[in-house]
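Each chain gets a letter, A, B and so on, in the order its sequence line appears, and its residues count up from 1. Since this is a predicted model, take the numbers as computed values, not measurements.
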Amino acid sequence: MKKVIAREKLPELWKSLAAKGPLFLPIQEGPVVLFQPWSEGAEANLDAVNTAVSAKDVFLPREETYLQYRCSGNQLELIPVENAEPVIAFGVHPCDLKAVEMLDKVYLDQEPSDELYRQRREKTTVVGLSCREPDPFCFCNEFGINPADAPGADVMAHLKNGLVLLEARTDKGKALLDQAGDLLQDGSDEKFEAAEVKTADFGLNLEGLPENLKERFEDPVWDELYKSCLGCGVCTYVCPTCYCFDVEDFGHEGEGQRFRCWDSCMYGHFTDMAGGHNPRAGRKERVRQRFMHKLQYYPETFNEIACVGCGRCLRSCPVNLDIVQAIKALGGETVEQR
Amino acid sequence: MAERNVESVNKVREAVSQDLLGGRIDLLLGWEKGHYWWQSRPLFARSEADLEKLAWDSFCAVNLSRYLLEELKDHDKVGVLVKGCDARAFNRLLQDNMVRREQVILYGLPCPGMLDYNRLVEKAGGAPLEITEENGRVIIKVGSGEQEAQRDDLLLDKCKDCRYPDPAVYDQLLFSPQGEKEVTERFKTVEELEEMSAEERFGYWEKELSRCLRCYACRQACPFCSCRECFVEQENPRWQGRAYQPSENFMFHLVRAYHGTGRCIDCGECERSCPVDIPLQELNRKLIKDINELYGDYEAGLDPEQEPPLLTYRPDDPAAFSEK
């Protein structure tokens, strides 16, 4: 099913799609673009290449309440929170969607699967958006990702000459386009192909890297690489493939809610253990953990490197200690390019 | 510009080489180029080969003084390249007894202000390919041609209202000083916020802080945040929760700002480090302004002998809260 809509008509489309549940879009929030639920008056920005924080927020929200509690006397009442509304994620770029597939492997493809994630994933309809011009930070080509297409999308969207072309690829996708009804016009005459997009070429040679790193836990490279790390959590929070969370309560006077929220292996307390031991006591151990997870542990289990080349850590790390820096330091660079 | 730049890097390298290779310092904290010409990242130099990578250009924004907290544990003597703000950051750490002066050699770099990549993009109307600088002007090359801009218009926000581009403390000054700059707009936004009603102001900060990811980059980059254990991480009592709620956002940012009252050197590293561009410097500047109004002009980090107003007591200190 192929449909088109003029870009100036998009606010009407947002209104119609948001009627049934949260519609996540790249929204201009002051100086930055964030993937957020649209509301009347919000300014969607489909031209932004990458949102400051990745689209994982839709599938694995930074904060997700799943239980409410109330205590009175000896009585404890637990009220599960249902997150049953259908969600639309509109404008997910190929790198971010590829990253969601990596989260799927962690949360869905293993036993037991993660119920909260599964519910959210199943009820979300994803509208992928092809990239027209990459950011200088983009390097998804290095991971074999085609910025012109997001294979896992329910609907694939392209921006073209003042139009948005929408192609439904799954039943969920068809249902979404049906929901928009007359706002969309037939697009069977349009050419639904995005032009090829070339992203930054860092000359990375990733072949064999995970295998190579297996024996390099004590490699001296770690003694240097971590030095500039400030120990903040920017990289993990903007990263689309980081998926660690913590569970905490928010409330007072006997009532409140239990939620899970993003956590970061860059924080000292991440691995605090009862009794006071911390196996990753310093920044070196934590930096090693983060990069080993992306480049060795994840690939060992799931057969692919846990990076999609979205470039967010290259853009946002305050001291430019990013994944490309790490890959190069670990020898994952084509020698001629050195 | 390219030649001038090579010249000045060489001058810096020459100055530090003698000390590093001659054993006067064990480590030099400087900058090297990252992947891009608009990024200069921290360099931890121990050898001549390391010094080959040294950079000193318009993108050396990272404040290196903070690394002393860790590096002085492993080294007897460390050399640091310091811009104006980095030198004030050093004084901050000195005043907090976090570093020892005799363990550090400071190489002073009077600073022209660092450029903001995002402003270059804005000005160029697309991804800039390269820039050349001449006499306060910047020529930005883009795919379609060139754009010219005033250098001052391309500065990082943190550099725009910098009053002291020259290092306040150094062992060796590597270039001629620029002198104190007149700044007119340092408190402009703070004044605008002061004009708002309490509700409006609350709404403003609630909205701005709602973007906070609690990544703590602001704290980690900050030279006044040198506590060995931050209240955020304290378990018992637990001050800071992780919920993305306005109360928790305010808890973190206001407590942090208050903790820096009279101690913040206004380097703006917090704001530069923020991945979602929260105007954190305005919080700090409000408190700087209050300190100035209550206790007389005070510039944190300028003079390590001068105690921060809130860390000292004078019988004639104002008591504005009780007087009202």
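Proximity to chain B is limited to the side chain of Val53(A), based on heavy atoms less than 4.5 angstrom apart. Using a 4.5 Å cut-off between heavy atoms, Glu269(B) does not touch chain A at all. Neither the backbone nor the side chain of Glu208(B) comes within less than 4.5 Å of any heavy atom of chain A. When heavy atoms are compared at a cutoff of 4.5 Å, Arg283(A) approaches chain B solely by way of its side chain, counted from C-beta outward. In this structure, chain A has no heavy atom under 4.5 Å from any part of Asn63(B). Contacts of Asp249(A) with chain B are absent, with no heavy-atom separation under 4.5 Å from either backbone or side chain. The contact between Val276(B) and chain A is made by backbone and side chain atoms together, counting heavy-atom distances below 4.5 Å. Using a 4.5 Å cut-off between heavy atoms, Tyr67(B) touches chain A through its side chain atoms alone. Within the 4.5 angstrom heavy-atom criterion, only side-chain atoms of Ser247(B), from C-beta onward, approach chain A.
A distance of 6.0 Å separates CZ in Arg315(A) from CG in Asn118(B), rounded to the nearest 0.5 Å. Atom CZ in Arg41(B) sits 4.0 Å away from atom CD in Gln325(A) (nearest 0.5 Å). Atom SG in Cys225(B) sits 12.0 Å away from atom CG in Leu230(A) (nearest 0.5 Å). Rounded to the nearest 0.5 Å, atoms CD (Glu233(B)) and OH (Tyr267(A)) are 8.5 Å apart.
In terms of heavy-atom proximity, Phe250(A) sits nearest to Ala243(B) at CD1-CB, 3.6 Å. Across all non-hydrogen atoms, the minimal contact from Leu213(B) to Tyr237(A) is O-CE1, 3.2 Å. The minimum heavy-atom distance linking Gln39(B) with Leu314(A) is given by the pair NE2-O, 2.9 Å. Taking all atoms of both residues into account, the shortest heavy-atom contact from Val238(A) to Pro275(B) is CG1-CB, 4.2 Å. In terms of heavy atoms, Gln245(B) sits closest to Gln257(A) at NE2-OE1, 4.4 Å. Closest non-hydrogen pair, Ala217(B) versus Cys232(A), comes out as CA-CB, 3.4 Å.
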Quiz item: side chain to side chain contact (heavy atoms under 4.5 Å, CB included) between Tyr36(B) and Phe137(A): does it pass, once the steps are laid out?
Solution: CA-CA 9 Å; Tyr36(B) 305 102; Phe137(A) 299 99; 3.7 Å; yes
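Within a 6.0 Å radius of NZ in Lys227(A), more than 12 heavy atoms belonging to other residues, nucleotides or ligands are found. Within 6.0 Å of CD on Glu235(B) lie more than 12 heavy atoms contributed by other residues, nucleotides or ligands. Applying the 6.0 Å contact sphere to CZ of Arg258(A) captures no more than 12 heavy atoms from other residues, nucleotides or ligands. Heavy atoms of other residues, nucleotides or ligands lying less than 6.0 angstrom from CD of Glu192(B) number more than 12. Remark: Glu48(B) CD is loosely packed, at most 12 non-hydrogen atoms of other residues, nucleotides or ligands lying under 6.0 Å away.
When side chains are defined from C-beta on, Asn320(A) does not count as touching Lys33(B), because their heavy atoms never get closer than 4.5 Å. Looking at heavy atoms from C-beta onward, Trp38(B) lies in side-chain contact with Pro136(A) at the 4.5 angstrom threshold. In this structure, the side chains of Gln220(B) and Val234(A) stay at 4.5 Å or more apart for every pair of heavy atoms.
The greatest number of non-hydrogen atom pairs below 4.5 Å with chain B, out of Glu224(A), Arg62(A), Met266(A), Glu133(A), is found for Arg62(A).
Salt-bridge annotation for Glu70(B) and Lys284(A): absent, with no side-chain N of the basic residue lying under 4.0 Å from a carboxylate O of the acidic one. With respect to the salt-bridge test (charged N to carboxylate O, under 4.0 angstrom), the residues Glu248(A) and Arg238(B) qualify. Ion pairing between Glu63(A) and Arg242(B) fails under the 4.0 Å rule for side-chain N and carboxylate O.
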